[in-house]
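Only one structure is covered here, and it is reproduced in the block below.
Since the structure is predicted, the reported quantities are computational estimates derived from the model, not experimental observations. Along the sequence shown, the residues carry numbers beginning at 1.
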Amino acid sequence: QVQLVESGGGLVQPGGSLKLSCVASGFDFDYYALGWFRQAPGKEREGVSCIASSDSSTQYADSVKGRFTISRDNAKNTVYLQMNSLKPEDTAVYYCAATIVDFTMSLDDYDYWGQGTQVTVSS
């Protein structure tokens, strides 16, 4: 049974940091690219970042470049999203996802999804 379980969300003040984790099981983690997506109320789900399976190349949405860092630990079947200098507009439910298509932030390419974790940036 495939599972992706996110954790690490919460309430943080503007300028603060959070680190999201996503533990995967039920599929061959090493061969899958991983992505983080987010969905704010009333908005469509959007890609935040992805990391390749082959060489751990990374890609970021322009809105988070220089503030967020994605990483993976294949030994722990875990993907992370370090979020720094958080802004109110980063408020959303954050989802991790896995795809056999390497290095893509297209939602349609992703096969497996977690249930999401809420991130709220507010003073």
Side-chain angles (χ1 to χ4, degrees):
Q1 180 182 358
V2 172
Q3 278 194 312
L4 292 165
V5 181
E6 303 97 334
S7 62
L11 173 64
V12 63
Q13 292 186 341
S17 298
L18 281 175
K19 186 173 185 177
L20 306 183
S21 300
C22 174
V23 179
S25 60
F27 62 98
D28 205 337
F29 185 84
D30 291 12
Y31 293 98
Y32 278 72
L34 287 306
W36 284 98
F37 297 81
R38 66 186 182 186
Q39 188 166 18
K43 295 188 176 181
E44 292 187 353
R45 194 170 298 189
E46 63 176 359
V48 174
S49 181
C50 63
I51 185 166
S53 62
S54 52
D55 60 359
S56 291
S57 296
T58 58
Q59 186 178 353
Y60 297 92
D62 288 343
S63 58
V64 307
K65 276 181 184 175
R67 301 188 297 121
F68 290 11
T69 303
I70 190 172
S71 62
R72 64 189 295 163
D73 184 340
N74 288 351
K76 295 182 178 180
N77 281 14
T78 302
V79 59
Y80 304 97
L81 186 68
Q82 176 68 48
M83 306 186 294
N84 298 329
S85 302
L86 282 161
K87 305 175 181 179
E89 51 264 44
D90 294 319
T91 296
V93 177
Y94 283 71
Y95 300 88
C96 69
T99 176
I100 199 66
V101 178
D102 212 13
F103 213 51
T104 173
M105 281 211 292
S106 174
L107 275 70
D108 291 341
D109 288 334
Y110 280 78
D111 304 299
Y112 307 127
W113 291 84
Q115 82 291 346
T117 186
Q118 177 70 47
V119 171
T120 303
V121 185
S122 175
S123 54

Taken in chain and number order and not counting sequence neighbours, the residues that satisfy ring pair (Phe, Tyr, Trp, His ring centres under 6.0 Å) with F37 are Y110, W113

side-chain hydrogen bond (donor to acceptor under 3.5 Å, both in side chains) with [X]: which residues, sequence neighbours excluded?
X    : value
S56  : none
T99  : none
T120 : Q118

The complete set of ring-ring contact (aromatic ring centres under 6.0 Å, His included) pairs with one or both residues in residues 75-107, sequence neighbours excluded, reads none

So ring-ring contact (aromatic ring centres under 6.0 Å, His included) across residues 40-75, not counting sequence neighbours, yields none

Q. Do the side-chain N and O atoms of D73 and T78 include a donor-acceptor pair separated by under 3.5 angstrom?
A. no

So the side chain to side chain donor-acceptor pair (under 3.5 Å) pairs with at least one residue in residues 16-35 (sequence neighbours excluded) are S17-N84

Applied to residues 9-85, the disulfide (SG to SG under 2.5 Å) test, sequence neighbours excluded, yields C22-C96

D108 meets the side-chain contact (heavy atoms from CB on, under 4.5 Å) criterion, sequence neighbours left out, with S106

For residues 74-89, the salt bridge (charged side-chain N to carboxylate O under 4.0 Å, His left out) pairs (sequence neighbours left out) are none

Contacts of D62 meeting salt bridge (Lys or Arg N to Asp or Glu O under 4.0 Å) (sequence neighbours excluded), chain-then-number -> K65

Residue set satisfying salt bridge (Lys or Arg N to Asp or Glu O under 4.0 Å) with R67, at least two apart, ordered chain then number -> D90

